[in-house]
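This report refers to the structure that appears directly beneath it.
Owing to the predicted nature of the structure, the values given are computational and were not obtained by experimental measurement. Just so you know, residue 1 is the first one in the sequence shown, and it goes up from there.
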Amino acid sequence: MTPEQIAAASKPLVLELGDAFGRCPVTLRRARLLGISGWAFYVAGRAGALGDVRAETVAATLGFLAPDAVADGWDGAARTVRPSEVAAAMLAECCRWGSQHLDDLPRVDRLVGLLERAVHAADGSGMPLFAAWRAIPVPHRAAGARAAAALRLLREYFTGAYLLAVRAGGMTPLEAVLAGPEGEAGAMACGWPPPYPAVGPLVRRRLWAEAVTHRLAAPAFAALGPVDGTELVELLAATRAHLGAVARAHPAA
């Protein structure tokens with residue numbers, strides 16, 4: 001596999017696995033303990049690595065979330081707790097989830113090694129959120145925690161690359177969301193109010209942006225080479241299958 005092919009095959013798996021901890025009920029309870037809403041926890045948790053910046057800066061960095069919705073979450077959290085504290089809490093929850101769900105994953109040490117090599121080799125140019133998070137040490141050394149943290153980092157890497165590609169393709173973030181698989185439902189989830197522009201003319205541009213995303217993300221996977229890169233894709237698929245099997249066996253977990 002070429003680096004671009006590895007990036008293309010890895011992306012959907014990384015996007016899913018890198019956000020799995022955020023869907024955990026225990027993670028969502030952390031927001032209540034901080035005295036903020038779940039949305040404020042999501043926005044300030046992701047962007048808190050940037051420090052005490054203005055909501056406009058956060059909106060520009062996150063890109064795909066509506067600026068007004070970003071301001072609601074960011075300013076709402078800031079009235080109660082510093083953004084850096086929310087970010088630390090989110091990272092702690094990511095590591096907790098990883099230890100709980102990935103420590104017993106077959107070949108987790110190998111997965112961690114490949115993920116961390118890709119994270120280290122990634123070019124963070126034009127991706128401030130990825131770069132900010134990469135500079136923060138992972139507080140837990142257990143393999144599952146490190147795997148979850150690395151998956152989350154790569155998720156921000158892919159998201160940052162896609163934002164660059166979307167803008168280079170002449171699309172707005174809203175147009176990219178509308179042209180995606182969730183369409184208007186995705187736009188509403190990201191805080192964009194209707195009415196929405198027509199989607200039809202945007203689909204080809206979105207496909208172009210997807211291809212450019214893979215090209216931008218490729219340097220991280222070029223460092224692995226074709227053999228290790230293919231192994232990473234296989235391990236990511238195995239991780240998703242493992243989590244799915246556990247969820248089916250213990251639906252309340």
Side-chain angles (χ1 to χ4, degrees), residues 1 5-32 38-39 41-42 45-46 64 87-120 122 130 133-134 136 138-162 180-182 185-186 189-190 210 213-214 217 220-221 224 228-253:
M1 298 177 75
Q5 289 172 331
I6 296 168
S10 298
K11 185 177 65 176
L13 296 163
V14 167
L15 293 179
E16 177 181 344
L17 296 171
D19 191 46
F21 80 97
R23 299 187 293 272
C24 174
V26 178
T27 299
L28 299 177
R29 283 201 294 269
R30 187 66 170 261
R32 293 197 292 271
W39 177 251
F41 182 73
Y42 174 75
R46 278 188 68 195
F64 297 107
M90 178 169 277
L91 180 57
E93 288 302 317
C94 177
C95 291
R96 173 203 56 77
W97 179 90
S99 292
Q100 180 179 348
H101 292 87
L102 301 180
D103 272 351
D104 62 347
L105 180 72
R107 304 185 68 207
V108 66
D109 290 324
R110 179 60 173 165
L111 175 64
V112 168
L114 294 173
L115 287 171
E116 291 183 345
R117 281 170 58 192
V119 166
H120 180 74
F130 166 75
W133 273 110
R134 185 168 59 177
I136 298 176
V138 178
H140 301 280
R141 301 312 299 167
R146 289 167 57 196
L151 285 165
R152 186 178 180 281
L153 265 173
L154 283 181
R155 190 179 195 279
E156 293 292 2
Y157 179 63
F158 275 119
T159 303
Y162 185 50
E182 297 182 3
C190 290
E210 292 279 0
T213 300
H214 304 151
F221 303 99
L224 300 181
D228 286 355
T230 300
E231 183 181 5
L232 174 61
V233 174
E234 293 170 349
L235 288 174
L236 290 171
T239 301
R240 182 172 64 178
H242 170 81
L243 292 174
V246 171
R248 289 190 294 273
H250 306 283

Residue pairs meeting side chain to side chain donor-acceptor pair (under 3.5 Å), one or both in residues 145-155, sequence neighbours left out, come to E116-R146
Hey, are the side chains of V233 and Q5 touching, using non-hydrogen atoms and a 4.5 Å cut-off?
-> no
From CZ (R23) to CD (E16), nearest 0.5 Å | 6.0 Å
Report yes if the side chains of L102 and L243 come closer than 4.5 Å at any heavy-atom pair, otherwise no.
-> yes
Closest heavy-atom pair, L28 versus G22, reported as atoms and distance to 0.1 Å, is CD2-O, 3.6 Å
Do E234 and R107 touch side chain to side chain, with heavy atoms closer than 4.5 Å?
-> no
Nearest heavy atoms of A147 and L115, plus distance in Å = O-CD1, 3.9 Å
Closest contact, heavy atoms only, L224 versus G229 | CB-N, 3.9 Å
Does Y162 have any ring pair (Phe, Tyr, Trp, His ring centres under 6.0 Å) partners at least two apart in sequence or in another chain, and if so, which?
-> F64
Are side-chain heavy atoms of L232 and R117 found at a separation under 4.5 Å?
-> no
Indicate the atoms forming the closest heavy-atom contact of G45 with W133, along with that distance.
-> O-CZ2, 3.1 Å
Side chains of R96 and T27 in contact at under 4.5 Å (non-hydrogen atoms) = yes
Is a donor on one side and an acceptor on the other found under 3.5 Å between the side chain of R110 and the backbone of L235?
-> no
How far does CZ of F21 sit from CZ of R30, to the nearest 0.5 angstrom?
-> 11.5 Å
Considering only heavy atoms from C-beta outward, does the side chain of L15 approach that of F158 to under 4.5 Å?
-> yes
Measure the CZ-SG distance between R29 and C24 for me, rounded to the nearest 0.5 Å.
-> 7.5 Å
How close do A237 and L13 get, heavy atom to heavy atom, and via which atoms?
-> N-CD1, 3.9 Å
Given side chains that start at C-beta, do those of K11 and V14 come closer than 4.5 Å, heavy atoms only?
-> no
Looking only at non-hydrogen atoms, find the nearest pair between D103 and G144 and report the distance.
-> OD1-N, 2.7 Å
Do E156 and R46 come close enough that some side-chain heavy atom pair is under 4.5 Å?
-> yes
Is there a donor-acceptor contact under 3.5 Å from the side chain of Y157 to the main chain of A217?
-> yes
Side chain to side chain contact (heavy atoms under 4.5 Å, CB included) between L236 and L111: does it pass, once the steps are laid out?
-> CA-CA 8 Å; L236 290 171; L111 175 64; 4.1 Å; yes
